[in-house]
Amino acid sequence: MLIVQKYGGTSVGSAARIRRCCRRIAQTVAAGHQVVAVVSAMGRTTDRLIGLAHQVSSAPPARELDMLVANGETITAPLVAMCLQDRGLPAVSLSGPQAGVLTSNHHSRARIQEVRPTRVLEALDQGRVPVVAGFQGATEDFEITTLGRGGSDTTAVALAAALGADVCEILTDVDGIMTADPRVVPEARLLGHVTYEEMLELASVGAKVMHPRAVEIGELYGVPIHVRSSFHPRPGTMIVSQVPMENRKRVRGVAQDLDVAKVTVLGVPDRPGVAAAVFEPLAEAQISADVIVQNVSTQGHTDLTFTVAEADLERSLALVGPAAARVGAAGVSHSAGLAKVSIVGTGMLGTPGIASRMFRALADAGINIEMISTSEIRITCIVERGGAAAAVRALHRAFELDQVALAPA
Ligand code: ASP
Ligand code: MG
């Protein structure tokens, strides 16, 4: 098999940990597989580099910031390659650009446009383990770019797609994808499989195990992704297009996002163009507005409520205020300190009784629901942040997620 193995920052956080990762790579090769390693920056290196930048500049230019932070991964890759060589395993480190990662020119959030893995394939042909620096790429003009925080996952999956790898392993500091955050729900279980869709929904509502764009690329190119621990050999969670039959049409996980604030535009005239006028300035400022609810119109007026990350609240209010005035709204109100709790599962919306069971569980736990939104595979309730943990526990129990054996088959 051809396996892309991505090692995250914690897994390569020290010399000893790098040696352990290399032992694992060597074991995988010894088992008869071809391995391409993709590595993150060691530990908190990226944060440290960003911190340094802000100490010397009040607003570090995006281009220079990319030139700086790309170095975290540039350090790890040769360390891993020389460690492998020291074990007697031929290896070669490659930067993102050397590995053929071609991106758009949006600094700090570049998108991979194409992977031309000529040098990776050459190394494999020569019997060497290519060790690729994650997170970084280059534009056609050789400008260095990075893919956004957590972007090494995206490098790994995109490379796996380009190479036609059999699997992309995301080796991380957790055991896999759980039914809930085990720090909140001690009886949370490991899921043997999730679908790409479920994973995307879980990621978007706070299960920050994988970079969502990596999951999107995996789905698009049909790359099986195996999220597993780098600290032990047990299998983790396979992200695939279909989950085994008995696990369909049921709730698979409960997620929470504690970083939520809401904004309400009061008394907006009920006519075309109002929502566009409110949301366009947010979009231009790259603020994503989430759960959006508009009331039924009474006497030609309605309220428009949406959520944003609390960190974006101030900026959102500065943009929405003037927009609301322009469309003749009565005012803008807001509240912070909220959370999203969501249940996720393929085929959920087609299954009667799931929504009512969710609302009953929250009611019995004394938790007030402020807003509700649904997708085909998710129901989200906005609640007070202080009640979020209790809500997650209540939902985990209500859907019996602690009772069914969900571990790998
Ligand atoms: N080093 C980058 C970050 O900390 C990318 C990654 O680790 O995936 O965000
Ligand atoms: Mg990560």
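Counting starts at 1 for both ligands and their atoms, in listed order. These figures come from a predicted structure and were not determined experimentally.
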Of Arg111, Lys6, His211, Glu216, which meets side chain to side chain donor-acceptor pair (under 3.5 Å) against Thr154?
His211

At the 4.0 Å heavy-atom cut-off, does Gly72 count as touching ligand 1?
no

Which of the numbered atoms in ligand 1 are under 4.0 angstrom from any heavy atom belonging to Arg149?
3 (C), 4 (O), 9 (O)

Any atoms of ligand 1 less than 4.0 Å from a non-hydrogen atom of Ser40? List them with their elements.
6 (C), 7 (O), 8 (O)

List the residues meeting salt bridge (charged side-chain N to carboxylate O under 4.0 Å, His left out) with Glu314, not counting sequence neighbours, and say none if there are none.
none

Does even one non-hydrogen atom of Gly150 get within less than 4.0 Å of ligand 1?
yes

Heteroatom distance test (Thr46, ligand 1): nitrogen or oxygen, under 3.5 angstrom
yes

Heavy atoms of Val291 and Met371 approach each other most closely as O-CE, 3.4 Å

Quick one: list whatever passes ring pair (Phe, Tyr, Trp, His ring centres under 6.0 Å) with Phe279, sequence neighbours left out.
Phe306

Just to check, does Glu73 reach to within less than 4.0 Å of ligand 1 when the distance is taken from its heavy atoms?
yes

For Thr264, is there any backbone N or O sitting under 3.5 Å from a side-chain donor or acceptor partner on Thr305?
no

